[in-house]
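Computation of the quantities below employed the complete heavy-atom set of this structure, encompassing side-chain atoms and omitting hydrogens, waters and symmetry-equivalent molecules. Residue numbers run from 1 in the order of the sequence given.
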Amino acid sequence: MVDLFTDHRTAALALLNGPHRLSRKTGSFLGQLVVDHSPLSEAQANWLDKLLDKHRLPTLIRETAE
């Protein structure tokens with residue numbers, strides 16, 4: 001298992017491929033993250049953080065704008 005996720009696409013795939021019970025809305029959100037290379041909005045990042053925490057998966061390392 002990974003210690004930390006370094007990109008949102010890998011984190012989303014881990015949630016989709018795991019034995020997690022996900023709603024249709026959550027699955028759609030995660031699918032969008034997998035195919036979209038754009039940076040996450042603050043709201044998207046927060047939702048992904050909550051999902052990772054809920055399913056006891058590693059944290060996503062966020063890049064900081066300098």
Side-chain angles (χ1 to χ4, degrees):
M1 175 114 126
V2 220
D3 291 329
L4 297 170
F5 291 109
T6 55
D7 67 271
H8 64 271
R9 298 175 75 220
T10 306
L13 275 173
L15 284 160
L16 286 169
N17 288 323
H20 317 291
R21 292 189 64 113
L22 304 171
S23 69
R24 179 178 287 194
K25 182 177 178 181
T26 299
S28 178
F29 167 68
L30 294 171
Q32 177 186 352
L33 295 186
V34 171
V35 299
D36 190 354
H37 295 277
S38 303
L40 298 179
S41 70
E42 191 65 27
Q44 288 173 317
N46 288 337
W47 189 6
L48 181 56
D49 286 343
K50 288 177 187 174
L51 289 169
L52 292 170
D53 185 54
K54 176 181 177 179
H55 297 289
R56 300 175 190 236
L57 288 171
T59 304
L60 173 65
I61 298 174
R62 292 200 200 180
E63 293 184 18
T64 55
E66 294 186 38

* Asked: Minimum heavy-atom separation for Arg9 to Val34, with atom names?
  -> NE-O, 2.6 Å
* To do: Determine the minimum heavy-atom distance between His55 and Leu15, stating which atoms define it.
  => CD2-CD2, 3.7 Å
Once you round to the nearest 0.5 Å, how far does [atom1] of [X] lie from [atom2] of [Y]?
{"X": "Leu51", "Y": "Leu60", "atom1": "CG", "atom2": "CG", "value": "11.5 Å"}
{"X": "Leu30", "Y": "His8", "atom1": "CG", "atom2": "NE2", "value": "11.0 Å"}
{"X": "Phe29", "Y": "Leu22", "atom1": "CZ", "atom2": "CG", "value": "11.5 Å"}
{"X": "Arg21", "Y": "Thr26", "atom1": "CZ", "atom2": "OG1", "value": "12.5 Å"}
{"X": "Phe5", "Y": "Leu48", "atom1": "CZ", "atom2": "CG", "value": "8.5 Å"}

* Among Asp3, Thr6, Asp7, side chain to side chain contact (heavy atoms under 4.5 Å, CB included) partner for Ile61 -> Thr6
* Asked: Would you say Asn46's side chain and Glu42's backbone share a donor-acceptor pair under 3.5 angstrom?
  -> yes
* Asked: Quick one: does Asn17's side chain have a donor or acceptor within less than 3.5 Å of a partner on Leu13's backbone?
  -> yes
* Asked: With a 4.5 Å limit on heavy-atom distance, are the side chains of Trp47 and Leu40 in contact?
  -> no
